[in-house]
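Heads up: the structure comes next, in C-alpha cells.
Ligands are counted one by one from 1 in listed order, and the atoms in each one are counted from 1 as well.
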Amino acid sequence: MSCILVIPAAGSGTRLEGAVPKAFVELAGATLLQHCLERALASGAIDAVAIAAAAGWEERAREIAAAAAAAAAHRATDEAPRAVPVLVTTGGADRVASVAAALDAAAAAFPAARVALVHDAARCLTPPSVFARVVAAVRAGSEAVVPVLPVTDTIAAVGASAAESAEEGPGGSGDGTAGAGAGAEADGVRTGAEADGVGTGAAVARIGAAAAAAGPNAAGPCAGGGVRCEPLDGNVDRTGLRRVQTPQGFALPVLRAAHAAQLADPDPSATDDASLVARLGVGVDGVPGDERALKITYPIDMAVARALLEEGA
Ligand SMILES: Nc1ccn([C@@H]2O[C@H](COP(=O)(O)OP(=O)(O)OP(=O)(O)O)[C@@H](O)[C@H]2O)c(=O)n1
Ligand SMILES: C[C@](O)(CO)[C@H](O)COP(=O)(O)O
C-alpha cells in the first residue's frame with residue numbers, strides 16, 4: 001500500500017516577509033523545503049513525493065529534493081534507504097489549489113499509491129516519527145488522520161462587531177487576518193500578538209465576568225487613548241479543542257474525492273485537507289502531534305526554529 005507525500009510549497013510567505021517564497025527561505029544553511037523533505041524521507045514511510053512550487057521555482061525545488069534525498073540517507077535509520085521519486089508541479093493561487101495540483105499529478109504518476117500525506121513545507125522541522133505515526137494510523141484503517149496537540153492558552157471568542165471589523169473595517173484584510181486595526185487574526189491564533197512585542201502597538205482585550213454578564217459590546221467604547229482593543233464574547237472550553245498540524249494522512253481515494261467536491265462547491269473557509277474530507281462525512285482521527293512541527297509563519301517562528309535546530313531537531 002504505497003504512500004505519496006504531497007507538499008504544498010507554493011506560498012509566498014507574506015507574513016514571514018522574506019525576499020523569496022517561504023519554502024525557499026534559508027534556515028541554518030538549508031531551505032525550509034529541504035529541512036521538510038529530509039525529515040519526511042527519513043521516516044521511511046514515503047514511497048513518492050509531489051511538490052507544488054511557486055511559478056518559476058520548480059527547477060530549484062527539484063534541486064532541493066535531490067539534496068534532501070542525499071541528506072535523508074544519512075539521517076535515516078534504515079540501513080539502505082530507498083530511492084524515492086519526486087515530481088514537481090506549479091502551485092495554485094491558494095493552498096487548496098496547490099495541493100490539488102500536486103495531488104492530481106501524483107495520482108497520475110504513481111497509480112499504485114493508496115495512501116496520501118499532505119504536509120506543509122512551512123512545518124519544516126516535523127520529526128520523522130510524526131510521518132511514521134500518521135501513515136501507520138492510515139494503514140491501520142483510518143481514512144483521515146491528523147496530528148494534534150492540546151491548546152495551552154485560554155481561548156476567547158471575538159465579539160460579532162470585532163469579527164466584522166476584522167474582515168471589513170480599517171486594518172482588516174478580508175482574508176481572516178486583522179491588520180493594524182485589531183492586531184489580531186480573526187481565527188484567534190494571533191489575538192494579542194502585539195501585546196508580546198511582536199507587533200507595533202499594544203493590544204488589549206476586554207474580557208471578564210462584568211463584560212460577559214453585560215453581553216458583547218455592552219461595556220461602552222472599546223478603544224481609547226490610542227490603545228487598540230477588540231470586544232470579546234467570553235471564553236471557549238479549551239478541553240474540547242486541539243491544534244491541528246500536518247502531515248495529514250488519508251486513504252487516497254477519499255482525499256481525491258474531497259478535492260473534487262471542493263472544486264465543484266468551494267468552501268473558502270477551509271484551511272486544511274482534513275476539513276475537506278470531513279465535508280464528505282468521513283471521520284477524522286487525531287494522533288499525537290509534536291511541538292517541533294510548528295508552522296513557520298512570522299519572523300519570530302524562524303527564531304524558534306533556529307533554537308530547535310540547536311537542540312537537535
Ligand atoms: N498558494 C499557496 C499558498 C500556500 N501554500 C503552502 O501552504 C502551506 C501553508 O501556507 P502558509 O504557511 O500560510 O504559507 P503562505 O501562504 O506562504 O503564507 P502567507 O499567508 O504569510 O503568505 C505552506 O507550505 C505554503 O507554501 C501553497 O502551496 N500554495
Ligand atoms: C494546514 C495547516 O497547517 C493545519 O494547521 C494550516 O491550516 C495552514 O494554515 P495557513 O493559514 O494556510 O498557514
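- Using a 4.0 Å cut-off between heavy atoms, K295 contacts ligand 1 through its side chain alone, with no backbone atom that close.
- Less than 4.0 angstrom separates some heavy atom of R123 from each of these atoms of ligand 2: 2 (C), 3 (O), 4 (C), 5 (O).
- Judged by the shortest distance from any of its heavy atoms, R15 lies inside the 4.0 Å radius around the atoms of ligand 2.
- Counting protein heavy atoms only, atom 7 (O) of ligand 2 is closest to T271 O, 2.9 Å.
- Considering both main-chain and side-chain atoms, A10 comes within under 3.5 Å of ligand 1 through a nitrogen or oxygen pair.
- With a 4.0 Å cut-off on non-hydrogen atoms, A9 touches ligand 1 through its backbone and not its side chain.
- Scanning the protein for heavy atoms near atom 9 (O) of ligand 2, the closest one is K295 CE, 3.7 Å.
- Residue Q248 places no N or O, backbone or side chain, under 3.5 Å from any N or O of ligand 2.
- With respect to atom 5 (O) of ligand 2, the closest heavy atom belonging to the protein is V244 O, 2.6 Å.
- Less than 4.0 angstrom separates atom 26 (O) of ligand 1 from at least one non-hydrogen atom of the protein.
- Residue-level proximity to ligand 1 for R95 is carried by backbone and side chain together, each with a heavy atom below 4.0 angstrom.
- For A93, every heavy-atom contact with ligand 1 shorter than 4.0 Å involves the backbone, none the side chain.
- Residue contacts with ligand 1 for D120 involve both N, CA, C or O and side-chain atoms from C-beta outward (heavy atoms, distance under 4.0 Å).
- Within ligand 2, counting atoms from 1 as listed, the ones closer than 4.0 Å to a heavy atom of D272 are 1 (C).
- Among protein heavy atoms, the minimum distance from atom 12 (O) of ligand 2 is reached at R95 CD, 4.0 Å.
- Not a single heavy atom of R243 lies less than 4.0 angstrom from ligand 2.
- Residue contacts with ligand 1: G11 is placed with a nitrogen or oxygen under 3.5 Å of a nitrogen or oxygen of the ligand (distance criterion only).
- The shortest contact between atom 3 (O) of ligand 2 and any protein heavy atom is with D120 OD2, 2.6 Å.
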